[in-house]
Amino acid sequence: MNIITKLAIAASLATALTSVSLAQDLQGKVIGFSQIGSESGWRAAETSVTKQQAADRGIDLKFADAQQKQENQIKAIRGFIAQGVDAIMVAPVVATGWDDVLTEAKEAEIPVILLDRGVDAPEDLYLTSVASDQVKEGRVAGEWLVAEIGDADCKVVELQGTVGSTPAINRKQGFEEAIAGHDNITIARSQTGDFTRSKGKEVMEGFIKAENGGADICAVYAHNDDMAVGAIQAIKDAGLKPGTDIKVVSIDAVPDIFAAMAAGEANATVELTPNMAGPAFDALSAYLADGTAPEKFIITESKLYTPADNPQGEYDTRKGLGY
Amino acid sequence: MRRVPFERLANPQLLALTGVLLLNWLLFPNFFNVTWQDGRFFGSIIDVLNRGAPVAILAVGMTGVIATKGVDLSVGAIMAVCGAVAATMVVAGYPAPIAVGAALLAGLACGLWNGFLVAVLDIQPIVATLVLMVAGRGIAQLITEGSIVTFNDPVLIFIGTGSFLGFPMAAVIAVALMVSVTLLVRRSAIGLFVQAIGVNRAAAALAGIRSRMLLMLVYGLSGLCAAIAGIVVAADIRGADANNSGLWLELDAILAVVIGGTSLLGGRFSIPMAVVGALIIQAMNTGILVSGFPPEFNLVVKAGMIILILLIQSPYAALPFRRRLVTTSKATAK
């Protein structure tokens with residue numbers, strides 16, 4: 001065994017040990033988690049993934065459901081401070097009004113991590129914020145379409161989220177950025193489907209009638225999977241094949257879109273990962289170990305899923321997460 | 001007495017519906033095109049019937065409630081509850097007829113609860129039904145455990161997406177419900193009693209009308225209609241979406257009833273015109289979709305149209321016509 005191999009083994013052992021010790025860091029730590037509520041399937045999945053991640057790392061997770069109310073979240077955080085927890089995670093229901101309670105946490109020297117949404121408060125009041133980049137989600141969806149279509153002409157119809165909502169604005173912007181410069185791809189129609197299945201179906205029905213019975217539509221881009229599932233039904237009702245006659249690309253990666261993908265009726269989805277807690281725990285363990293300040297804004301991965309990614313398997317694993 | 005036939009011909013609801021449909025046709029020339037496809041009619045006008053059906057079904061029940069000077073704010077939430085009941089039961093393996101039956105019973109129970117609060121405990125209808133409007137959605141979320149319950153039962157799906165003689169099942173159900181309830185209230189004394197309660201409940205009770213039982217009946221009917229609408233909506237998307245099913249539809253239903261000429265102060269009512277009101281609302285929605293307006297304009301366009309329709313219905317709008325008629329009849333008399 002030469003010296004280089006020995007060094008390599010030593011290095012890898014060291015890395016393994018470090019990662020083990022990092023994972024062990026949070027063993028037995030008490031972490032409070034103030035969740036918004038359970039208004040959507042994604043939120044329910046985020047809760048169950050967080051609990052699972054905490055259990056894997058031996059964390060004693062104190063969970064508080066705020067039922068969509070900021071005052072409940074503030075009460076929960078004050079409760080966590082009084083209990084003297086090691087860290088607090090918050091998925092803030094609104095952006096404003098957090099300065100006082102975050103200052104209290106800072107004075108008690110308890111690090112606070114924001115999950116999934118940001119707040120309008122001075123940055124020194126929290127350790128880090130873990131969230132997805134919604135513009136990037138739209139861009140990944142658009143880039144998939146650009147690569148899929150190539151040079152062919154393509155009329156896209158867009159199912160927007162609720163008018164004026166941040167995800168709708170950002171996901172629209174990202175998609176438009178990705179198709180900019182590709183003149184063969186045009187957004188022919190764009191309407192809001194309010195992020196719901198039934199509105200997605202109704203709007204798609206209208207689009208199909210307006211675009212020559214659907215024959216002129218090459219792809220549909222939906223700001224979330226639920227609207228895409230509704231649109232798929234509308235395409236089928238019109239006697240067309242979703243996924244083939246009209247390509248379907250959407251964002252979120254909920255189980256039902258994988259069921260559609262397994263049936264060949266959807267082409268691509270961009271994941272909004274429910275695992276915000278994993279990166280949060282990683283950042284926290286590094287911080288608690290040697291005071292390494294993590295990046296202020298941790299961006300989660302926006303992974304693209306296509307029928308090549310075992311949609312049936314994804315459906316089965318995700319179904320258990322409470323989506 | 002020429003005023004009567006003139007007013008019947010120039011029924012403001014039918015005029016408004018025709019106006020909206022013509023406007024859609026101007027914006028989108030293929031609006032009236034109907035083709036035959038896969039054993040059913042296919043076209044924008046069919047979409048209006050199909051998509052307007054849930055609000056039309058709600059409007060049938062809501063008309064009765066509003067005629068008694070009440071209002072039912074809980075119908076949207078009851079839709080979510082009943083859709084959730086039907087979906088979770090078929091997913092649990094019960095046959096579709098039993099699941100639908102259970103959902104209808106749940107809707108009836110919700111309606112009777114509202115009726116109990118209003119008729120027996122004398123709580124104001126807007127407050128009494130607000131209870132279930134808030135609580136109902138929570139109950140629905142408990143039933144579905146916060147997720148969309150997706151099902152594949154062919155019988156249940158048929159209720160939402162099937163067709164009868166080429167027409168969408170939802171529209172067929174709405175028309176059947178409208179006809180049967182209209183016959184029930186107009187061919188019996190129930191309609192008259194309901195109007196009497198709406199005009200003056202105390203006087204009606206003194207005149208011997210069992211107002212409590214009748215109020216329970218109209219609220220129960222409203223709950224039952226909401227259940228039907230909830231089943232139709234869930235069956236349409238093959239899933240019960242407790243968070244969004246029927247959200248804000250109570251307001252559309254009230255608007256449909258008001259456009260249909262029923263007074264919010266009770267008394268005068270018309271079920272078929274409320275259904276026409278629902279079709280007017282849906283014709284506007286579908287028109288916006290096919291005309292290609294940007295979504296930011298949806299609510300503004302809708303609001304403008306509704307103001308216009310209500311103006312047409314206002315008694316003052318008819319004044320110039322009446323004057324002319326009066327003058328012509330005087331002229332003929334001479």
Side-chain angles (χ1 to χ4, degrees), chain A residues 37-45 47 67 157-164 168 172 188-214 225-227 229-230 232-234 236-240 254-256 259-260 319 321-323, chain B residues 27-28 30-31 33 35 37-38 40 42-48 50-51 54 83 137-138 141-142 144-150 152 157 160-161 163 168 232-234 236-249 282 285-299:
Chain A
S38 55
E39 77 281 4
S40 66
W42 183 85
R43 185 71 55 196
T47 301
Q67 308 271 348
V157 295
E158 182 182 33
L159 298 173
Q160 295 187 28
T162 310
V163 176
K172 182 174 173 58
R189 279 170 190 271
S190 183
Q191 252 294 348
T192 175
D194 279 336
F195 284 128
T196 70
R197 241 182 237 203
S198 54
K199 281 288 281 178
K201 184 173 181 185
E202 179 181 345
V203 173
M204 192 65 197
E205 281 176 357
F207 284 168
I208 289 173
K209 306 292 181 319
E211 295 289 339
N212 191 16
D225 287 341
D226 277 333
M227 291 192 291
V229 170
I232 287 170
Q233 289 174 10
K236 280 201 276 190
D237 287 351
L240 297 168
V254 304
D256 281 342
K319 202 66 194 163
L321 294 179
Y323 270 109
Chain B
L27 289 168
F28 177 61
N30 293 336
F31 190 78
N33 285 12
T35 52
Q37 187 176 312
D38 300 335
R40 65 173 74 193
F42 184 81
S44 291
I45 193 80
I46 302 295
D47 283 354
V48 173
N50 192 15
R51 296 286 148 223
R137 202 157 289 280
Q141 284 165 345
L142 279 179
T144 62
E145 294 169 346
S147 62
I148 300 181
V149 179
T150 311
N152 287 311
I157 290 172
T161 57
S163 59
V232 166
V233 166
D236 179 42
I237 58 166
R238 303 168 185 211
D241 185 349
N243 298 320
N244 298 305
S245 167
L247 194 63
W248 310 127
L249 280 198
Q282 187 55 43
N285 288 341
T286 307
I288 290 170
L289 289 183
V290 292
S291 62
F293 280 119
E296 290 79 6
F297 285 91
N298 291 4
L299 297 177

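Keep in mind the model is a prediction, meaning the values are calculated, not measured. To find a chain, count down the sequence lines: A is the first, B the second, and so on, and within it residues start at 1.
Atom-to-atom distance recorded for A/Lys236:NZ and B/Thr161:OG1 is 10.0 Å, nearest 0.5 angstrom. With values rounded to the nearest 0.5 angstrom, A/Thr196 atom OG1 is found 7.5 Å from B/Ile237 atom CD1. Summarising the geometry, atom CG belonging to A/Asp256 is positioned 9.0 Å from atom OG belonging to B/Ser147; distances are rounded to the nearest 0.5 Å. Summarising the geometry, atom CZ belonging to A/Arg197 is positioned 10.5 Å from atom CZ belonging to B/Arg238; distances are rounded to the nearest 0.5 Å.
Interface residue A/Glu205: backbone and side-chain heavy atoms are both found under 4.5 Å from chain B. With a 4.5 angstrom heavy-atom cutoff, A/Asp194 does not touch chain B via any of its atoms. With a 4.5 Å cut-off on non-hydrogen atoms, B/Asn298 touches chain A through its side chain but not through its backbone. Contacts of B/Asn243 with chain A are made by side-chain atoms alone, with heavy-atom separations under 4.5 Å and no backbone atom involved. For a residue to count as touching a neighbouring chain, one of its non-hydrogen atoms must lie under 4.5 Å from one of that chain's; by this rule A/Ser198 touches chain B with backbone and side chain alike. Within the 4.5 angstrom heavy-atom criterion, atoms from both the backbone and the side chain of B/Ile288 approach chain A. Proximity to chain B (any heavy atom under 4.5 Å) is shown, for A/Val203, by both the backbone and the side chain. Contacts of B/Ser291 with chain A are made by backbone atoms alone, with heavy-atom separations under 4.5 Å and no side-chain atom involved.
Contact between B/Pro295 and A/Gln160 at its shortest, heavy atoms only, is CG-NE2, 3.5 Å. Looking at every heavy atom in both residues, B/Val290 comes nearest to A/Arg189 through O-NH1, 3.1 Å. When all heavy atoms are compared, the tightest approach of A/Gln233 to B/Asp236 is OE1-O, 3.1 Å.
Options A/Ser190, A/Pro255, A/Ala238 differ in how many heavy-atom pairs under 4.5 Å they form with chain B, and the most are formed by A/Ala238. For the set B/Ile148, B/Leu299, B/Asp38, the count of heavy-atom pairs under 4.5 angstrom toward chain A peaks at B/Ile148.
Both the sub-6.0 Å distance and the 45° axial angle are satisfied by A/Lys209 relative to the ring of B/Phe42.
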Q) Given A/Asp237 and B/Gln37, is the side-chain contact (heavy atoms from CB on, under 4.5 Å) satisfied, shown in steps? A) CA-CA 9 Å; A/Asp237 287 351; B/Gln37 187 176 312; over 6 Å; no

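For the 3.5 Å distance criterion, the side chains of A/Glu202 and B/Gln282 qualify, holding a donor opposite an acceptor.
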